[in-house]
Amino acid sequence: LDEQISKTLSSRTNEIIDGLRKAESHLIKKDYSQALALASGLKDKYPNVSSVLFLRATTLSLMNNKKEALSDLEKGLG
């Protein structure tokens with residue numbers, strides 16, 4: 001059972017890290033809509049992961065959607 005949990009945790013961690021890297025690369029290119037799509041997909045799957053929420057909030061802020069960005073920041077800090 002421990003091995004199965006470890007594999008699942010590793011797989012999910014890798015998925016989150018890969019998704020964050022892809023979204024960040026779009027932010028660097030100022031492709032905010034694609035970055036938001038990736039970050040939102042991660043948020044849907046991992047709604048309580050702070051790094052996902054913070055990246056999504058950053059993207060929303062860059063898109064001048066401060067209200068929704070603040071909501072993600074508050075959830076990430078909570």
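Just so it is clear, the model here is predicted, and its values are computed rather than measured. Just so you know, residue 1 is the first one in the sequence shown, and it goes up from there.
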Residues passing the side-chain hydrogen bond (donor to acceptor under 3.5 Å, both in side chains) test with Lys7, sequence neighbours excluded, are Glu3
Rounding to 0.5 Å, atoms CD1 (Ile5) and OG (Ser10) come to a distance of 13.5 Å
Tightest non-hydrogen contact, residues Tyr32 and Thr59, listed as O-CG2, 3.6 Å
(request) Identify whether Leu60 and Leu62 are in the same connected component of the hydrophobic contact network (ILVMFWY, side-chain heavy atoms under 4.5 Å). (result) yes
Between Ser40 and Ala37, is there a donor-acceptor pair closer than 3.5 Å when you use the side chain of the first and the backbone of the second?
no
For Leu20, the side chain to side chain contact (heavy atoms under 4.5 Å, CB included) test, sequence neighbours excluded, returns Ile16, Leu42, Ser51, Val52, Leu55
Q | Transitive ILVMFWY side-chain link Leu27 to Val49, under 4.5 Å | A | yes
Closest non-hydrogen atoms of Leu38 and His26, given as atom of the first, atom of the second and distance, are CD1-CD2, 3.5 Å
Residue pairs passing the salt bridge (charged side-chain N to carboxylate O under 4.0 Å, His left out) test with at least one member in residues 25-40, sequence neighbours excluded, are none
When rounded to the nearest 0.5 Å, the distance separating CG of Leu9 from CG of Asp2 is 11.5 Å
Students should find that the hydrophobic cluster of Leu53, defined by side-chain heavy atoms under 4.5 Å apart, otherwise consists of none
Sorted by chain and residue number, the side-chain hydrogen bond (donor to acceptor under 3.5 Å, both in side chains) partners of Lys66 (sequence neighbours excluded) come out as Ser61
Next on the checklist: Keeping Thr58 on the side-chain end and Phe54 on the backbone end, is there a donor-acceptor pair under 3.5 Å?
Outcome noted: yes
The complete set of salt bridge (charged side-chain N to carboxylate O under 4.0 Å, His left out) pairs with one or both residues in residues 38-63, sequence neighbours excluded, reads Glu15-Lys45, Lys43-Asp72, Arg56-Glu68, Arg56-Asp72
By side chain to side chain contact (heavy atoms under 4.5 Å, CB included), Ile17 pairs with (sequence neighbours left out) Thr13, Arg21
What one should report as the nearest heavy-atom pair of Gly76 and Ser50 is O-OG, 2.9 Å
